[in-house]
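Treat the numbers as computed from the prediction; the structure is a model and nothing was measured. Indexing begins at 1, ligand by ligand and atom by atom, following the structure's order.
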Amino acid sequence: MQRLLARGLVLMGTMILAWAGAFTSARMNADLTALLSQGPRVAGTPAGRAAGDYLAAELKKVGYTVEFQPFSYSRTRDQGSNLKVGDKDIPVNALSGSPAGRLEAPLVVVMGIGRAEDYIGLNARGAIVVVRRGGIPFLEKARQAATVGALGMVVVNNTSGNIRGTFGGGGPIPGVTVSQEEGQALLGQSGTKAVLDVRTVSEEVQARNVIARRGTGNPQAIVGAHYDSVVGAPGANDNASGTVTVLELARDLAHSPISQRVWFVWFDGEEDGLWGSRKFVAANPDLVRGLRAMLNLDMVGIDVLGKLGMGGDAQLFGLAQQSADLEQVSLQDLGANEGGSDHVPFAQAGVPVLFFTWGLDANYHQPGDKIADLALMAQAGRVARGVLERVVQ
Ligand SMILES: [Zn+2]
């Protein structure tokens, strides 16, 4: 009885020590503070550079070999765009990649999100179309609008406030987003003359992915998170949360044989159209072909879904479920194609992917994105570790 009890206590002691070592709040909090102190980590800016340097320094401390993968792309900057309807000036955000231009044309309100079928029986030729956000990418909406002869596009946000969206490349026609509040008023104004003034300028972005590895040879799995954020948003949940969780996971695994078979990658330029992950996949075809899994953590610091959401490969989801059961985390299956983040280029290259997220919070891409919950991040990190333990050999 005594001996059993003593053994139990020793076991408990070991468990507590192990638990305290991994996903330590104080350390993760220090990481979050360091990343957020720089301001928005927009790709190609000094803040983005400082974030990459911070990650590299932290990873070297625990013995990783760190490499930067530099790349460049062009992006547009909005110098203040406007929509004038009647006498009223309505503030709008140009979609990144939108051509500049000043259009005078009637509004045509599209009943839907701007799919091809939403234009049946509607004459949008020569018009500025008004569509709702959601369902399909902005670029797809713009292509449909251009196909039916529209000259410009206004996307009404589907949550409160406005966002900064991107075409993920060059858009076919000028496109802007408007806040849900301002947009509501537009929905009843088909036929009204409007002036859409899109004032974008093009700039070349020098960005870089941060890659950490310990082993030689190609990895069996990649764990990734984008570390860039959008103009005007501190990017705590999107995506300092994933950035810090993957950093802490790398620290946690630094002394495990698993880290010999895994690469940890922090992607840059995600917000401008998945540039970092696309460049990584394009630059490493052999490596990508051999991957058993790519895990992507994006927005893991605010509980929106009530469960840890997970999208992607069904078999990996099964492994995540086993891991989550042990960690007492509830999962929500988001299905095969959920989410437009850095796992997508890997999935398109045939890699089994898993996308981790607690959901899209109300402060998404807004100045209020200042908070990420360390306990939620730790839960996502532990489930990810469990998946790696089951995938990597
Ligand atoms: Zn994100």
Side-chain angles (χ1 to χ4, degrees), residues 31-32 35-36 38-45 47-48 51-52 55 73 75 93 95-96 133-134 137-138 157-159 161-168 177 205 207 209-210 222-247 264-280 294-305 308-312 334 337-347 353-373 376-377 380-381 384:
D31 293 334
L32 266 182
L35 290 175
L36 295 180
Q38 303 287 341
R41 299 172 302 285
V42 178
T45 64
L55 291 170
Y73 58 93
R75 149 180 89 197
N93 290 339
L95 284 157
S96 182
R133 183 178 160 215
F138 294 117
N157 195 12
N158 55 5
T159 55
N162 200 356
I163 54 150
R164 292 202 177 266
T166 177
F167 278 136
T177 57
V205 180
N209 293 331
V210 182
I222 283 178
V223 186
H226 75 84
Y227 71 96
D228 63 314
S229 58
V230 301
V231 174
N237 191 35
D238 185 17
N239 184 33
S241 66
T243 299
V244 169
T245 305
V246 175
L247 173 59
F264 301 89
V265 185
W266 289 265
F267 297 107
D268 204 355
E270 192 267 357
E271 300 289 6
D272 291 326
L274 313 183
W275 284 99
S277 48
R278 288 196 281 141
K279 293 282 181 183
F280 183 93
M294 191 278 175
L295 314 185
N296 179 34
L297 281 69
D298 197 353
M299 291 181 279
V300 292
I302 294 185
D303 183 7
V304 182
L305 298 167
L308 176 57
M310 209 160 286
L334 300 176
N337 298 315
E338 188 60 35
S341 182
D342 286 317
H343 54 287
V344 172
F346 288 87
V353 301
L354 260 191
F355 170 46
F356 292 60
T357 184
W358 285 98
L360 202 68
D361 70 287
N363 288 311
Y364 172 68
H365 286 188
Q366 295 191 45
D369 182 8
K370 290 178 186 165
I371 293 166
D373 183 328
L376 294 171
M377 290 158 59

One pair to check against side-chain contact (heavy atoms from CB on, under 4.5 Å): E270 and S341. What are the steps and the verdict? CA-CA 7 Å; E270 192 267 357; S341 182; 3.5 Å; yes
Which residues and atoms, protein N, O or S only, are under 2.8 Å from the Zn ion (ligand 1)? H226 NE2, D238 OD1, D298 OD1, D298 OD2
Qualifying residue for side-chain hydrogen bond (donor to acceptor under 3.5 Å, both in side chains) with N237, from D361, D373, N363: D361
What is the distance from atom CE of M377 to atom CD1 of I302, rounded to the nearest 0.5 Å? 11.0 Å
Does a side chain donor of either N162 or T177 reach within less than 3.5 Å of an acceptor in the other side chain? yes
Checking side-chain polar atoms at under 3.5 Å, does N296 have a donor or acceptor matched by the opposite partner on H226? no
Apply side-chain contact (heavy atoms from CB on, under 4.5 Å) to the pair W358 and V304, showing each step before the final yes or no. CA-CA 6 Å; W358 285 98; V304 182; 5.8 Å; no
